[in-house]
Amino acid sequence: MPSDPKKKKKTPPKGFTNLNQFMTPSSGSKKKKSSQKITHLTKNDKSNSNKPVSKSTSSITEQKKDNPASTKDFKNATKSKKKPHLQEKSIVRDKVIKEEDMLQKVFFEPNSAPIGDSQYDFELERESREAQKSWHLRILQKADEIIQDMEKGILLTVDYDGGQNKAFAKFYDTKDQKIKIWIDTTKHQSYCYHKDSEDELSQNLDLIDLEGFDHLETVKKYDLLEDKEIELTKIYGDAPSHIGGANGIREILGGAWESRIRYHHNFIYDNELIPGMPYKIEKGIVSPLEPEIDPILQQELFEVFKTAPEEIQEMAKVYQPVFSAPPGEVKRLAYDIEVEETPDGTLPDPMLAKFKVISVSFAATDGLKQVYCLDRDDVEIGTVPEDFPQDAVVKFFKDERELLKETFRLFWDYPIILTFNGDNFDNTYLYHRARRMKISEKINPIYVSRGGGMVTHNTDYKHAIHIDIFQFFANRSIKGYAFGGAYLKNSLEAVASALLGEGKVKHEGVLIGKMTLADLIHYNLMDSMLTLELTTFNNNLMWNLLIVIMRITRLPMQDTFRLQISAWIRSLIYSEHKRKNYLIPRMSELERRGKFSRNKTEKFQGAYVIDPVPGAHYNVGVLDFSSLYPSIIKTRNLSYETINCHHPECEDNFLPDSPYYTCTKRMGIFAYVVGFLRDVRVKWFKSLSNNKNVAENERHTAKVMAAALKVFINGSYGVFGSPVFPFYYLPVAESTTNIGRYSIQKTIDKSEEMGVKVLYGDTDSVFLLQPTEKQIKELVKWSEEKLDLDLELEKTYQFLALSGRKKNYIGVRQGGKQVDLKGLMAKKHNTPEFIKKRFNDVQTVLTKITDDESFKANREEIIQIIKQTNRLIGKTKEKGGFDIKDYGIMTALKKGISAYTKAIPQHVKAAQMLPEQEQKKLERGTFITYVKTRSQAGVKPVSLATLADIDYKKYKEMVRSTFEQVLDALGINYEEIQGIKKLSSFF
DNA sequence: GAAGTTACAAA
DNA sequence: ATAGAGTAACTTC
């Protein structure tokens with residue numbers, strides 16, 4: 001990709017640019033606490049201990065004498081588990097342990113009522129190799145529970161079932177809050193198209209005689225590449241696999257149109273279904289419910305687009321219900337499991353599920369907070385941690401099998417099951433563990449299929465929908481654009497503390513299997529609660545985002561949270577073609593028309609980065625074009641069918657400094673789709689969300705919409721510019737960056753003409769030296785008139801240090817509150833600890849720089865920190881040096897040692913030096929910590945190494961590579977540090 | 001510069 | 001089970 005995608009992500013938010021800004025993290029955690037009624041079980045709280053909290057449900061009551069470990073335990077619990085803001089309180093607490101602090105075991109009363117699909121009085125056994133979901137559908141059919149009539153249900157997913165060879169849908173029935181399954185009643189078939197005529201194709205015996213071929217039909221579609229209506233042959237197959245599968249129709253014909261679209265997606269597009277929208281079902285027929293629309297809003301939306309191009313107006317009309325229907329409240333259950341630890345400390349393999357499930361926690365929107373805990377005699381009971389939710393129910397099980405069955409019973413009651421990484425862990429583990437324990441598959445609601453990418457399993461529920469919220473939050477566009485990069489890592493800990501202001505319960509040093517039962521329960525429950533809360537916080541923000549993205553992309557829920565932005569935009573463009581009866585072009589057609597090959601990834605010129613003026617600058621204004629590339633795509637009408645179109649009258653409509661011309665007669669599909677999304681965000685939702693006269697809930701919805709749209713707008717160029725995207729079109733990608741460069745250059749010219757010095761600029765920004773307010777206004781106005789682009793003041797630096805290098809600078813924001821470090825080496829995973837620490841020290845010093853004077857003073861301090869770091873390498877503790885462990889570089893084995901044949905990475909080399917006994921214990925997943933040494937091998941396991949082994953040179957080199965760029969930006973030559981030569985800085 | 005390797009996230 | 005489904009950052013050759 002030509003532009004630097006990282007740049008956008010790192011750019012800190014301004015105004016309302018991401019959803020974190022209408023969350024109040026500092027006050028948020030406290031507020032939430034009280035609203036959730038998480039009270040603290042303190043000894044003096046009479047109201048707690050006196051109330052024998054609702055009989056059988058509460059387990060956290062009194063009784064339990066003389067536990068010798070209790071006092072110690074309690075202290076540990078308070079110390080390690082307190083959140084920072086509670087720290088103080090815990091110190092003041094008196095240290096006497098009362099009986100009511102002890103956890104009491106309340107056992108689950110056996111329940112023999114049938115669970116799930118075992119409730120029916122008929123027998124319908126699973127056929128050999130029958131998919132779990134197919135079996136469930138057959139059972140529902142036999143029980144006559146396939147939905148035929150429903151007043152109102154939100155369409156959540158559409159999927160394909162091979163057993164029925166049909167699409168089926170899951171609706172959330174708003175009346176009884178259950179999932180209702182509907183099986184296709186429309187006789188929809190799988191198909192693809194071909195440009196050969198029906199006559200020609202019927203001569204092709206390979207096709208006609210193919211098992212799985214059904215019939216041919218001649219249809220008309222509009223071919224955008226030809227700009228005319230054409231006749232096509234629609235080829236029907238018996239099942240989706242006959243179209244695109246091995247020896248299928250596509251293979252026989254050497255390619256076919258629209259044969260790569262997933263069957264169930266095709267089903268959605270063809271029936272113009274919109275996942276996330278409300279529907280009714282009458283006698284098996286699904287039809288959209290007219291959403292409640294505010295006529296005033298409708299009128300206002302119309303007004304906003306009154307002067308827009310026809311194509312955008314039409315889109316606004318079609319999409320109006322999509323944007324105005326409320327997302328709705330949906331009942332959901334989050335859960336989390338804890339598993340007995342493995343002997344070697346590695347992660348239990350969820351496919352093997354060899355180890356006991358020791359605890360399962362649940363948290364649901366109906367208020368349920370529950371833990372099912374396996375009673376283990378060898379584990380201490382412990383005391384109830386102070387912030388354990390008072391309204392939580394804890395039940396003990398003697399038998400793991402019963403625990404799992406009751407877990408499943410609970411699952412069968414909920415329409416939506418939420419997990420954090422449940423695809424790869426919890427669901428897969430439970431499914432296999434239950435099978436291992438011979439729990440009937442009629443009771444087991446989970447099914448597991450093969451995943452792709454880093455998620456190796458896809459899991460879902462027979463009766464419900466599973467959402468792995470980890471995958472949604474880890475989605476790079478969601479993370480970067482909807483949440484403004486608020487969390488760096490994607491762990492529950494990181495995401496929750498960033499978005500909820502509250503992290504997981506800490507269990508530093510204590511392994512899960514060694515925790516007291518009370519601590520385990522607490523730890524387990526908090527994870528479910530956080531998982532649920534990540535979908536409910538801020539008025540169901542995440543849930544609403546998911547629903548809105550489903551509506552925009554037309555993708556079913558289970559695909560939406562698993563797929564990336566490119567698949568979202570692909571689906572949006574597919575559905576737009578289908579809606580307008582445009583033929584979706586094949587990749588080869590686009591390549592031929594655009595004269596490029598996507599395999600060769602012909603490099604085109606990317607963004608323009610202005611040569612920086614090195615040195616220290618003060619009062620620098622940074623202006624940038626808001627959503628530059630999407631704006632260009634819209635205003636210049638860039639799309640695969642509009643660049644060098646077929647109209648002679650467009651031939652002189654050249655793009656600036658370009659061999660391409662663009663269409664003047666019709667708006668391109670990319671241009672109007674991206675343009676519409678951009679316009680509806682800027683002109684409608686952003687102003688709505690800032691309008692104080694609008695009701696709070698509407699403003700909130702507007703913010704969600706604006707955030708969702710931002711994801712598409714910001715993601716669009718990256719997708720269009722990527723050769724793997726099915727609609728990749730080199731002339732579009734090339735023209736976009738081309739016009740971007742042109743626009744920046746014109747802006748520089750204009751600034752200089754106005755007497756404002758340009759210090760630096762990258763892609764869509766210009767750094768101006770001491771611009772006046774008036775000059776900024778003038779530039780903004782000029783840009784709007786001459787370039788048709790929105791230019792804005794993004795930030796002001798009171799101090800900016802530019803190195804000679806591009807994409808490498810340090811800026812201190814006006815007020816000195818924030819420091820931007822660009823192009824600096826990220827803290828690499830395998831950077832030794834002592835370097836990480838020192839890098840943090842340097843960052844802290846940087847934040848102190850506010851003016852020329854403080855810069856000079858702090859500059860010296862930074863030099864000293866680095867010099868000292870170098871000096872101490874290899875020095876003993878007595879001389880102030882680092883521990884040998886601080887030199888350690890940690891890397892995990894991805895396979896057994898003997899499996900490394902092609903190349904032996906350094907950590908494997910180190911592992912091979914370990915004593916044989918230890919080597920035997922190494923398997924996939926084990927961490928190897930090694931240091932770099934001066935020996936032949938160059939490495940040594942940290943356990944065998946001493947300070948004398950350390951390779952000074954290598955470590956000094958690491959110090960250098962970590963700090964060089966920081967120093968470069970500050971105008972310090974690294975040689976100065978090493979003391980080889982003294983150079984005066986250029987300041 | 002291409003090819004190979006690992007981390008991510010979960011107990 | 002049936003079509004498809006990750007990526008950044010690093011090391012080694």
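We name chains A, B, ... by the order of the sequence lines, and we start the count at 1 in each one.
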Would you mind classifying the nucleic acid contact of A:N490 as base, sugar-phosphate or nothing, using non-hydrogen atoms under 4.0 angstrom? sugar-phosphate
Less than 4.0 angstrom from a charged side-chain N to a carboxylate O is my criterion; do A:R562 and A:D423 meet it? yes
Check A:K462, A:K133, A:R435 against A:E441 for a salt bridge (charged side-chain N to carboxylate O under 4.0 Å, His left out) and give me the one that passes. A:R435
Given atom CD of A:E493 and atom P of B:dA11, what is their separation to the nearest angstrom? 12 Å
Distance check needed: B:dA11 P versus A:K354 NZ, whole Å only. 19 Å
Rounded distance (Å) that lies between atom P of C:dT7 and atom NZ of A:K489: 21 Å
Checking B:dA11, C:dG6, B:dA9 against the side chain of A:S491 (C-beta onward), the nearest is B:dA9
Phosphate OP1/OP2 of C:dA8 contacted by A:R476 side-chain N/O (<4.0 Å): yes
Under 4.0 Å, counting only non-hydrogen atoms across every strand here, what does A:I261 touch: a base, just sugar-phosphate, or nothing? base
Between A:S134 and A:D161, does any side-chain donor sit less than 3.5 Å from a side-chain acceptor? yes
Can you find a side-chain donor-acceptor pair between A:Y191 and A:D270 that sits under 3.5 Å? yes
Checking all strands, does A:F420 fall into the base, sugar-phosphate, or nothing category for heavy-atom contacts under 4.0 angstrom? sugar-phosphate
Interatomic distance where CG belongs to A:D238 and P belongs to C:dT2 [whole Å]: 16 Å
Evaluate A:L517 against A:D375 for side chain to side chain contact (heavy atoms under 4.5 Å, CB included), listing each step before the verdict. CA-CA 8 Å; A:L517 293 178; A:D375 186 28; 4.1 Å; yes
Along DNA chain C (nearest heavy atom to each residue), the more 5'-positioned of A:P240 and A:K932: A:P240
Would you please say whether a donor-acceptor pair under 3.5 Å links the side chains of A:D344 and A:T342? yes
May I ask you to say what A:E338 touches in the nucleic acid, namely base, sugar-phosphate or nothing, with a heavy-atom cut-off under 4.0 Å? sugar-phosphate
Rounded to whole Å, the CD1-C1' distance (A:I478 to C:dT7) equals 17 Å
Specify the separation, in whole Å, of atom CZ of A:R262 and atom C1' of C:dA5. 8 Å
Of the listed nucleotides (B:dA9, C:dA5, B:dA11), which one gets closest to any side-chain atom of A:L563? C:dA5
Can you measure A:K514 atom NZ to B:dA11 atom C1' for me and round it to whole angstrom units? 13 Å
Quick one: salt bridge (Lys or Arg N to Asp or Glu O under 4.0 Å) partners of A:E258, sequence neighbours excluded? A:K578
Shortest side-chain distance from A:V339, nucleotide among C:dG6, B:dA9, B:dA11: B:dA11
Say we look at B:dA9 and C:dA8: how far apart would their C1' atoms be, to the nearest angstrom? 16 Å
Would you write the dot-bracket representation of DNA chain C, where each base gets (, ), [, ], | or . depending on whether it forms a Watson-Crick or G-U pair under 3.5 Å and with which partner? .....||||||||
Heavy-atom side-chain proximity of A:S361 to A:Y372 below 4.5 angstrom: no
Of the candidates C:dT2, C:dA1, B:dA11, the side chain of A:A131 sits closest to C:dA1
Tell me which residues in residues 448-458 of chain A put a heavy atom below 4.0 Å from DNA chain C, sorted by number, or none. A:R450, A:G453, A:M454, A:N458
Parallel, tilted or perpendicular: rings of A:F362 and A:F411 (30°, 60°): perpendicular
For A:T342, report the nucleic acid contact type (base, sugar-phosphate, nothing); a contact means any heavy atom under 4.0 Å. nothing
Gap in Å between the two C1' atoms, one belonging to C:dA1 and one to C:dA5, rounded: 14 Å
Take atom CG of A:N421 and atom C1' of B:dA9, then tell me their distance rounded to the nearest Å. 4 Å
Apply ring pair (Phe, Tyr, Trp, His ring centres under 6.0 Å) to the pair A:F727 and A:H577, showing each step before the final yes or no. CA-CA 12 Å; A:F727 291 100; A:H577 277 85; 5.3 Å; yes
Side chain to side chain donor-acceptor pair (under 3.5 Å) between A:N266 and A:H188, worked out: CA-CA 10 Å; A:N266 240 338; A:H188 186 268; 6.0 Å; no
